[in-house]
Amino acid sequence: MPDYEPDKKELASRDVVSRHMEYHIAQGHGAKSRYGDHIWLDITLLGKKHINRNLREVKEICHYFLGIDPTRDLIPVRPAQHYSMGGVRTDHRGESTNLKGLFACGEAACWDMHGFNRLGGNSVAETVVAGMIVGENIADFCEEPANELEISTELIEQFWRRENEALDDIVNSNGTESAIELSDRMKDIMTDKVGIFRTGEALQQAVDELQTLLVRSQNIGIRGNSRAACPELVKAYRLRRMLKLAICVAYGALQRTESRGAHFRQDYPQRNDAQWLNRTLATWKSPADTLPQLNYEQLDVMQMEMPPGWRGYGAKDHIAHPETEARQSEVDKISGEMDSANRREIQDALMPYRHLLPTMLQCSNARLGENE
Ligand SMILES: Cc1cc2nc3c(=O)[nH]c(=O)nc-3n(C[C@H](O)[C@H](O)[C@H](O)COP(=O)(O)OP(=O)(O)OC[C@H]3O[C@@H](n4cnc5c(N)ncnc54)[C@H](O)[C@@H]3O)c2cc1C
């Protein structure tokens with residue numbers, strides 16, 4: 001059971017609401033259902049008029065997915081993951097820092113529009129902004145003759161043969177492990193030990209168990225022997241990759257001895273900018289490895305327009321980066337001296353970025369009256 005008493009003043013944050021719910025479920029106060037324990041949410045007190053007019057989406061979700069009317073019924077709710085922080089590490093153009101010609105944007109990318117942590121409601125914004133900027137960069141990349149990719153037919157055939165054999169190996173295997181059972185166990189480990197409440201002890205257990213599952217996944221057998229429309233084969237084919245990703249998350253979380261955004265460590269409740277203002281990069285060196293290699297990319301606080309600080313919600317309790325105060329004074333000084341400057345000039349003085357955009361997006365924004 002989590003050793004945690006939520007602070008009611010913090011309940012404006014979705015992460016904190018989730019923690020609160022998980023806490024009560026873990027204490028045995030959840031309502032039972034065949035999908036697991038949940039909490040009842042009562043919004044009837046808002047009134048039919050308000051729900052029908054202002055919460056239409058909530059009403060429709062309740063109606064279509066649960067067959068209930070939230071103007072008179074209680075809604076069964078429980079915390080669920082609705083975003084993955086991190087992804088393919090890219091540069092400002094959206095191109096992978098490791099593999100030329102691989103671009104990523106949106107939830108799949110680590111592109112940094114919002115820094116380490118996605119603030120509530122911002123992920124759709126990221127997909128739209130990244131779609132505009134990265135999409136343009138992809139088009140520019142493709143137009144450049146030097147970027148023309150020469151991939152031989154032989155290489156494509158090699159890849160096709162490898163994956164084809166991998167599928168055949170699963171279908172013809174006499175393995176005794178079930179992909180469905182391993183996958184269910186992976187889900188339980190991730191929910192119970194790498195969920196909202198995390199401790200070093202539980203994360204270590206998760207890493208150990210996931211490694212065992214990865215080894216066991218070498219010995220998967222499926223019940224049918226057909227490659228056509230076989231969900232068990234699809235699961236078996238994807239499982240090893242999913243386990244590796246789960247290990248990256250659990251192992252990265254184990255090493256990170258602090259709490260940051262939605263990453264909450266009960267044994268290290270403070271955000272620690274002094275030690276952990278860095279990005280975790282996980283690399284799998286060899287196919288036989290059961291743990292990735294972790295490296296850390298440091299951030300330069302002195303280049304930031306807005307050095308990390310307290311943003312007005314949650315407890316004002318973190319270990320500051322040693323350069324934060326100096327950078328904040330510098331930012332205050334520069335912006336103070338530029339009292340009459342426009343938004344662009346201040347931005348350029350603090351953290352110039354316009355030159356990093358695709359050419360067609362470097363212009364001023366007429367809708368904000370910047371051309372006048
Ligand atoms: C329940 C829930 C609530 C959310 N609430 C909010 C919110 O309030 N505000 C907010 O900003 N964000 C919210 N989010 C997050 C936001 O919806 C997502 O981060 C965003 O939609 C991700 O967009 P994307 O285009 O990057 O990825 P996706 O929308 O996941 O698009 C990826 C696409 O790639 C396709 N695909 C996958 N694999 C392959 C393949 N091998 N070949 C071809 N295609 C493939 C998928 O089918 C999919 O269409 C929520 C998410 C969930 C799940």
Side-chain angles (χ1 to χ4, degrees), residues 11-22 25 33 35-36 38-39 41 43 51 54-66 68 70 75-96 99 101-139 156 159-160 162-164 166-167 170 179 183 187 190-191 194-196 227 229-231 233-246 248-249 261-263 311 313:
L11 282 173
S13 146
R14 261 202 288 196
D15 295 339
V16 175
V17 172
S18 298
R19 263 183 237 161
H20 205 65
M21 289 161 71
E22 196 81 349
I25 291 175
S33 88
Y35 304 112
H38 66 81
I39 301 266
L41 174 64
I43 61 167
I51 295 172
N54 300 331
L55 298 173
R56 214 176 57 218
E57 199 186 345
V58 172
K59 189 171 177 189
E60 285 173 2
I61 290 172
C62 286
H63 173 70
Y64 289 116
F65 292 99
L66 296 165
I68 60 168
I75 314 171
V77 291
R78 62 166 298 153
Q81 191 225 17
H82 64 116
Y83 189 79
S84 294
M85 292 175 208
V88 177
R89 180 76 187 113
T90 70
D91 62 13
H92 63 275
R93 296 161 55 253
E95 187 177 13
S96 158
L99 187 58
L102 174 70
F103 285 79
C105 66
E107 196 169 326
C110 174
W111 186 61
D112 291 350
M113 181 165 137
H114 294 113
F116 291 118
N117 187 28
R118 180 205 70 115
L119 295 174
N122 282 354
S123 39
V124 169
E126 172 151 356
T127 62
V128 173
V129 175
M132 180 175 72
I133 296 175
V134 179
E136 200 60 41
N137 284 330
I138 294 172
I156 294 170
F159 176 79
W160 177 80
R162 195 187 70 188
E163 295 308 298
N164 203 31
L167 285 170
I170 299 171
S183 164
K187 280 186 219 161
M190 293 307 279
T191 305
V194 198
I196 294 170
R227 279 180 46 168
C230 177
L233 174 59
V234 175
K235 185 145 264 181
Y237 181 67
R238 297 167 99 184
L239 185 64
R240 282 184 67 74
R241 296 157 173 89
M242 293 170 84
L243 279 166
K244 282 182 154 184
L245 193 53
C248 288
V249 174
H263 168 92
R311 298 284 170 247
Y313 55 85

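As the structure lists them, so they are numbered: ligands from 1, and atoms in each ligand from 1. Just so it is clear, the values below take in all heavy atoms, side chains as well, and ignore hydrogens, waters and symmetry mates.
We find the CD1-SG distance between Ile138 and Cys105 to be 6.0 Å, quoted to the nearest 0.5 Å. For the atom pair Cys62 SG and Ile51 CD1, the distance stands at 9.0 Å (nearest 0.5 Å).
Residue-to-ligand polar distances place Val124 within reach of ligand 1: an N/O pair is separated by less than 3.5 Å. Residue Tyr83 has no N or O atom closer than 3.5 Å to an N or O atom of ligand 1.
A distance-only check finds a donor-acceptor pair linking the side chain of Trp111 to the backbone of His92 [under 3.5 Å]. Although no hydrogens or angles enter the test, the distance criterion places no donor-acceptor pair under 3.5 Å between the side chain of Glu95 and the main chain of Phe103. Under the 3.5 Å distance criterion, the side-chain polar atoms of Glu107 are matched with a main-chain donor or acceptor of Ser84.
The nearest non-hydrogen atom to atom 51 (C) of ligand 1, considering only Glu57, Gln81, Glu126, His82, comes from His82. The closest heavy-atom contact to atom 14 (N) of ligand 1, among the options Ala130, Ser123, Ser84, Gly131, comes from Ser123.
Near Thr127, with a cut-off below 4.0 Å to any heavy atom, the atoms of ligand 1 are 22 (C), 23 (O), 24 (P), 25 (O), 26 (O). Short contacts between ligand 1 and Gly106, defined as distances under 4.0 Å to a heavy atom of the residue, involve ligand atoms 26 (O).
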